[in-house]
Amino acid sequence: YSPYNYQPIQLEKNDKLMLFVKINENVKPIVSYLMTEIERNPSIQFNVYFLDKKTTKNNIVKWAQKQNIPSSMVNDRRITLNFDHGHYDETVKTKKTPLLILVRDGQSRIVDTGRF
């Protein structure tokens with residue numbers, strides 16, 4: 001009955017998370033959990049990529065506010081908010097968003113976002 005059995009993901013030092021979303025998606029439970037983990041372990045990288053081609057900086061700021069992402073975490077680069085610019089089209093085009101990828105020790109795997 002370990003509490004770790006009920007966590008959506010077990011993160012370790014130096015893990016990298018890549019969250020691919022569309023600007024209209026509400027992923028507050030996912031982001032909230034990951035922010036808590038980043039507070040516990042600042043070596044974790046959390047990068048959000050917006051897949052919509054017409055996303056603007058203003059849209060991203062509003063999205064971050066809706067997800068309750070503190071601007072301090074963005075300013076400190078603990079969380080990055082990025083335009084995808086088509087870099088990851090091949091990675092995500094056959095997947096449903098939101099898509100969360102964990103990179104650990106050079107290996108990547110998809111995280112089940114339904115567990116958040």
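Note: hydrogens, waters and symmetry copies are ignored here, and every other heavy atom, side chains too, is used. Quick caveat: nothing in here was measured; it's all calculated off a predicted structure.
Cluster annotation: Val103 is not connected to Val111 through the hydrophobic network of ILVMFWY side chains, with a link wherever side-chain heavy atoms come within less than 4.5 Å. Under the 4.5 Å side-chain heavy-atom criterion for ILVMFWY residues, no single connected hydrophobic cluster contains both Phe83 and Leu99. Each of Val74 and Phe20 belongs to its own hydrophobic cluster when Ile, Leu, Val, Met, Phe, Trp and Tyr are linked at side-chain heavy-atom distances under 4.5 angstrom.
Trp63 and Phe50 have perpendicular rings, their planes meeting at more than 60° on a 0 to 90° scale where under 30° would count as parallel.
Looking at heavy atoms from C-beta onward, Ile9 lies out of side-chain contact with Asp112 at the 4.5 angstrom threshold. Asn47 has its side chain out of reach of Leu19: every pair of non-hydrogen atoms, C-beta onward, lies at least 4.5 Å apart. Looking at heavy atoms from C-beta onward, Arg109 lies out of side-chain contact with Ile101 at the 4.5 angstrom threshold. Here the side chains of Glu25 and Thr97 are in contact, with some heavy-atom distance below 4.5 Å. Residues Leu11 and Leu34 meet the side-chain proximity criterion, which asks for heavy atoms closer than 4.5 Å. For the pair Ile69/Met35, a side-chain contact is recorded, criterion being any heavy-atom separation below 4.5 Å from C-beta on.
Counting heavy atoms of neighbouring residues, nucleotides and ligands inside a 6.0 Å radius, atom NZ of Lys22 does not exceed 12 of them. Shown here is Asn24, whose CG atom has more than 12 heavy atoms of other residues, nucleotides or ligands within 6.0 Å.
Paired with Phe116 under the rule side chain to side chain contact (heavy atoms under 4.5 Å, CB included), one option of Val31, Val27, Leu100 passes, and it is Leu100.
In this structure a side-chain-to-backbone donor-acceptor pair under 3.5 Å is missing from Tyr33 to Lys28. Between the side chain of Asn41 and the main chain of Ser43, a donor-acceptor pair closer than 3.5 Å is present. At distances below 3.5 Å, not a single donor-acceptor pair connects side-chain atoms of Asn82 with backbone N or O atoms of Asp84. Side chain of Arg78 to backbone of Phe46: no donor-acceptor contact under 3.5 angstrom is found. Under the 3.5 Å distance criterion, the side-chain polar atoms of Thr55 are left unmatched by any main-chain donor or acceptor of Leu51. Checking side-chain atoms of Asn75 against main-chain N and O of Ser71 turns up a donor-acceptor pair under 3.5 Å.
The shortest heavy-atom contact between Met18 and Tyr49 is CE-CE1, 4.0 Å. The two residues Asn26 and Gln67 make their nearest non-hydrogen contact at OD1-OE1, 3.0 Å. Across every non-hydrogen atom of Thr113 and Pro98, the tightest pair is OG1-O, 3.7 Å. The two residues Glu39 and Met73 come nearest to each other via the heavy atoms OE2-CE, 3.6 Å. Here the closest heavy-atom approach between residue Glu12 and residue Ile44 is recorded as O-CG1, 3.7 Å. Shortest non-hydrogen contact noted between Ile23 and Asn59 is CD1-O, 3.6 Å.
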Full working for side-chain hydrogen bond (donor to acceptor under 3.5 Å, both in side chains) between Thr56 and Asn58: CA-CA 5 Å; Thr56 65; Asn58 190 43; 5.3 Å; no
Pair Leu102-Arg104, side-chain contact (heavy atoms from CB on, under 4.5 Å): steps then yes or no: CA-CA 6 Å; Leu102 168 66; Arg104 178 180 294 153; 3.7 Å; yes
Val21 and Val48: CA distance, side-chain angles, deciding distance, side-chain contact (heavy atoms from CB on, under 4.5 Å) verdict: CA-CA 7 Å; Val21 296; Val48 181; 3.9 Å; yes
